[in-house]
Chemist: 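The structure's right below; bear with me while I get my questions together.
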Amino acid sequence: MDSSERTTNRSEQKSRKFLKSLIQKQPRDLLLVIGTGVSAAVAPGIPALCSWRSCIEAVIEAADQLEVLHPGDVAEFRKKVIKDKDLLVVAHDLIRKMSPRTGDTKPNFFQDCLMEVFDNLEQHIQNPVVLQSILRLMGRGTMVLTTNYDNLLEIFGQQQGKPMASLDLKDKDKVLQWARGHIKYGVLHIHGLYTDPCGMVLDPSGYKDVTQDPEVMEILQNLYRTKSFVFLGCGETLRDQIFQALFLYTVKNKVDLEHYMLVLKENEDHFFKLQADMLLHGIKVVSYGDCFEYFPEYVQDLTTQICKQRSPDADRVDSTTLLGTSCVDCAKRKLGDNGTDPAKRTRQLDNGKAEDSTVL
């Protein structure tokens, strides 16, 4: 694509319209689901952030460099990443290989590999536009959950002076507080966070542990019923086992819901088929353009549009104020000519000289 075509495409991109049903939402009625696309846009210099497959490949490479995995195992896992469709099982086996043989699944060398992969994340933030937009919405009541293992949003938020909190599904009390809207700048990592490998949900059996708590499941599923989820940078999130278990399997009448997914439109046939398929899940698929470079600007413009909406609370305050003023005016009209309450003016009259009209 030459410079003239790029300029034309950017001009067309700026004129792209937004769905009214989305931009008219109040921020507090939204829940953002952050996928690898957000991390890839923010820190393109870290390949492990680009996809789940890239993350596993990076961990294997780190294990090889740190010499914490036998060369034969390294070669075997590299083959599995290419051939196996269920990358979750590959990741689980990889963790087992680098953990104690006692049966304790607490990661050992695996944590060292993750630290190597995600070392100095803050130094790799190149384009914080998307993070700035997310923080802006969070400040107005939007909730955030992510399938990512990195904490780029929390790091950037702390740099901006926000009281960020990273949560995972293992901490029931914190999850319930977050779901009730009591942790304004909380980010729920449904797969866990790389800084705490023990809380990472990689083992397929770990999904069952999460979904066995009826209190947690009910409040999380209620979010899917009452909030509008906005999927940002999520390619395969709806195929994610834990996301399905939390929100898709047991929530009924999904077609009646109204969620949104921003996607790259590389192929028109695929895009419109995806639109039709996702409507069955109550999800409106929206294109941010045919080039990934458009993603940050689109999110920024979308955020601006949403934040322009007047809060219903402001309208209620105005109505109350007007009502209060009206009531004051009514009270004044009921006062006597000298501005005194009729009952008081009656008491001020001489005994026996009060007129009936002043008592009424």
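Computed from heavy atoms alone, side chains included, the values below leave out hydrogens, waters and symmetry copies. Residue numbers count from 1 along this sequence.
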Chemist: Taking C-beta and beyond as the side chain, do M138 and M143 meet within less than 4.5 Å on heavy atoms?
Modeler: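 A side-chain contact is absent here, since even the closest heavy-atom pair is not under 4.5 Å.
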Chemist: Distance from L167 atom CG to L193 atom CG, nearest 0.5 Å?
Modeler: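 Output value for this atom pair is 10.0 Å.
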Chemist: Looking at every non-hydrogen atom in both residues, tell me the closest pair between S54 and P47 and how far apart they are.
Modeler: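 Where S54 meets P47 most closely, the heavy atoms are CB-O, 3.2 Å.
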Chemist: Between T303 and V299, is there a donor-acceptor pair closer than 3.5 Å when you use the side chain of the first and the backbone of the second?
Modeler: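 Between the backbone of V299 and the side chain of T303 there is a qualifying donor-acceptor contact (under 3.5 Å).
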Chemist: Take M164 and I155 through the side chain to side chain contact (heavy atoms under 4.5 Å, CB included) test and state the conclusion after the steps.
Modeler: CA-CA 8 Å; M164 307 300 295; I155 290 174; over 6 Å; no
Chemist: Answer yes or no: is there a side-chain heavy-atom contact under 4.5 Å between Q26 and R140?
Modeler: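 No, every pair of side-chain atoms sits at 4.5 Å or beyond.
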Chemist: Would K284 and Y260 count as a cation-pi pair here, with the cationic atom under 6.0 angstrom from the ring centre and within 45° of the axis?
Modeler: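 That pair does not qualify as a cation-pi contact.
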Chemist: For residues Y224 and H281, report the shortest heavy-atom separation together with the two atoms involved.
Modeler: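 Y224 and H281 have their closest heavy atoms at OH-O, 3.9 Å.
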Chemist: Is there a side-chain contact between F272 and S287 (heavy atoms, below 4.5 Å)?
Modeler: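 The answer is no; the side chains never approach within 4.5 Å.
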Chemist: Quick one: does N267's side chain have a donor or acceptor within less than 3.5 Å of a partner on D269's backbone?
Modeler: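 Here the side-chain-to-backbone pair exists.
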Chemist: Quick check: closest heavy atoms across V117 and A48, and the distance to 0.1 Å?
Modeler: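 What the structure gives for the nearest pair is CG1-CB, 3.3 Å.
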Chemist: Starting from the C-alpha separation in whole Å, work towards a yes-or-no answer on side-chain hydrogen bond (donor to acceptor under 3.5 Å, both in side chains) for E61 and Q65.
Modeler: CA-CA 6 Å; E61 181 64 25; Q65 293 179 354; 3.1 Å; yes
Chemist: Any side-chain heavy atom of I34 within less than 4.5 Å of one from L145?
Modeler: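 I34 does not reach L145 side chain to side chain.
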Chemist: If you define the side chain from C-beta out and look only at heavy atoms, does anything of L121 sit under 4.5 Å from F156?
Modeler: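 No; the side chains remain at least 4.5 Å from each other.
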Chemist: Using a strict threshold of under 4.0 Å (side-chain N to carboxylate O), is an ion pair present between K97 and D93?
Modeler: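 Judged by the 4.0 Å cut-off on N to carboxylate O distance, D93 and K97 do not form a salt bridge.
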Chemist: A side-chain contact here means heavy atoms from C-beta on lying under 4.5 Å apart; do V68 and C113 qualify?
Modeler: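 Yes, at least one pair of side-chain atoms sits under 4.5 Å.
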Chemist: Before you tell me yes or no, could you show the steps for K174 and D168 under salt bridge (charged side-chain N to carboxylate O under 4.0 Å, His left out), namely the whole-Å CA-CA distance, both residues' side-chain angles and the distance that decides it to 0.1 Å?
Modeler: CA-CA 8 Å; K174 287 290 182 63; D168 63 52; over 6 Å; no
Chemist: List the residues meeting side-chain hydrogen bond (donor to acceptor under 3.5 Å, both in side chains) with Q177, not counting sequence neighbours, and say none if there are none.
Modeler: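 Listed in chain order: nothing, the list is empty.
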Chemist: Is it true that atom CD of E122 has more than 12 heavy atoms of other residues, nucleotides or ligands lying nearer than 6.0 Å?
Modeler: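 For E122, atom CD is crowded (more than 12 foreign heavy atoms under 6.0 Å).
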Chemist: Is any side-chain heavy atom of L279 less than 4.5 Å from a side-chain heavy atom of V285?
Modeler: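 L279 does not reach V285 side chain to side chain.
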Chemist: Working note: Y288 + F295, criterion ring-ring contact (aromatic ring centres under 6.0 Å, His included); need CA distance, chi angles, decisive distance, verdict.
Modeler: CA-CA 6 Å; Y288 59 78; F295 178 63; 5.1 Å; yes
Chemist: Identify whether V42 and V129 are in the same connected component of the hydrophobic contact network (ILVMFWY, side-chain heavy atoms under 4.5 Å).
Modeler: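 In one cluster with V42: V129, no.
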Chemist: Does a donor on one side chain sit under 3.5 Å from an acceptor on the other, for E154 and H189?
Modeler: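 Yes, a side-chain donor-acceptor pair sits under 3.5 Å.
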Chemist: Go through M261 and V230 one step at a time and tell me if the side chain to side chain contact (heavy atoms under 4.5 Å, CB included) criterion holds.
Modeler: CA-CA 6 Å; M261 178 181 288; V230 181; over 6 Å; no
Chemist: Would you name the heavy atoms of P44 and Q126 that are closest together and state the gap between them?
Modeler: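 So the two residues come closest at CG-OE1, 3.6 Å.
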Chemist: What distance separates T146 OG1 from L188 CG, expressed to the nearest 0.5 Å?
Modeler: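 The OG1 atom of T146 sits 9.0 Å away from the CG atom of L188.
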Chemist: Which distance, rounded to the nearest 0.5 Å, do you find between the CD1 of I283 and the CG of L257?
Modeler: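 Reported value, rounded in 0.5 Å steps: 9.0 Å.
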Chemist: With distance as the sole criterion, is a donor-acceptor pair present between the side chains of S166 and N151 under 3.5 Å?
Modeler: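 The criterion, which ignores hydrogens and geometry beyond distance, is not satisfied for N151 and S166.
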Chemist: Would you sort out whether F109 and L66 count as a side chain to side chain contact (heavy atoms under 4.5 Å, CB included), showing the intermediate values?
Modeler: CA-CA 9 Å; F109 287 127; L66 294 173; over 6 Å; no
Chemist: Measuring from Y298:OH to L232:CG, what's the distance to the nearest 0.5 Å?
Modeler: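 Atom-to-atom, Y298:OH and L232:CG are 10.5 Å apart.
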Chemist: Indicate yes or no: does K227 engage D29 in a salt bridge with an N to O separation below 4.0 Å.
Modeler: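 No salt bridge links K227 with D29.
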Chemist: Under 3.5 Å, is there a donor-acceptor pair between the side chain of T142 and the main chain of L31?
Modeler: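 A pair under 3.5 Å: no.
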Chemist: Working to the nearest 0.5 Å, report the span between CG of L19 and CG of L302.
Modeler: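 Taking CG in L19 and CG in L302, the distance rounds to 9.0 Å.
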Chemist: Of all heavy-atom pairs between C307 and L137, which one has the smallest distance, and what is that distance?
Modeler: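 Taking C307 first and L137 second, the nearest heavy atoms are SG-CD2, 3.9 Å.
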Chemist: Could you walk me through whether K273 and E268 pass the salt bridge (charged side-chain N to carboxylate O under 4.0 Å, His left out) check?
Modeler: CA-CA 8 Å; K273 183 180 185 303; E268 286 194 343; over 6 Å; no
Chemist: Which heavy atom of G157 sits nearest to which heavy atom of L135, and what is that distance?
Modeler: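 Shortest heavy-atom contact: CA-CD1, 3.7 Å.
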Chemist: Heavy-atom distance under 4.5 Å between the side chains of D301 and Q305, does that happen here?
Modeler: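 SC-SC contact between D301 and Q305 ruled out.
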Chemist: Between the side chains of R78 and E57, is the shortest nitrogen-to-carboxylate-oxygen separation below 4.0 Å, so that they form an ion pair?
Modeler: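 Not counted as a salt bridge, because no side-chain N and carboxylate O are separated by less than 4.0 Å.
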Chemist: Rounded at 0.5 Å granularity, tell me how far CG in L223 sits from CZ in R225.
Modeler: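 Between atom CG of L223 and atom CZ of R225 there are 9.0 Å.
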Chemist: Under the criterion side chain to side chain contact (heavy atoms under 4.5 Å, CB included), I'd like the reasoning laid out for Q275 against F271: C-alpha separation, chi angles, the key distance, then a yes or no.
Modeler: CA-CA 6 Å; Q275 270 192 336; F271 171 75; 3.4 Å; yes
Chemist: Under a 4.0 Å threshold between the charged nitrogen and the carboxylate oxygen, would K83 count as salt-bridged to E76?
Modeler: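 Looking at K83 together with E76, the answer is no, because their closest N to O distance does not fall below 4.0 Å.
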Chemist: Kindly assign one of parallel, tilted or perpendicular to the pair F229 and F231, based on the angle between their ring planes and the thresholds 30° and 60°.
Modeler: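 Ring orientation of F229 relative to F231: tilted.
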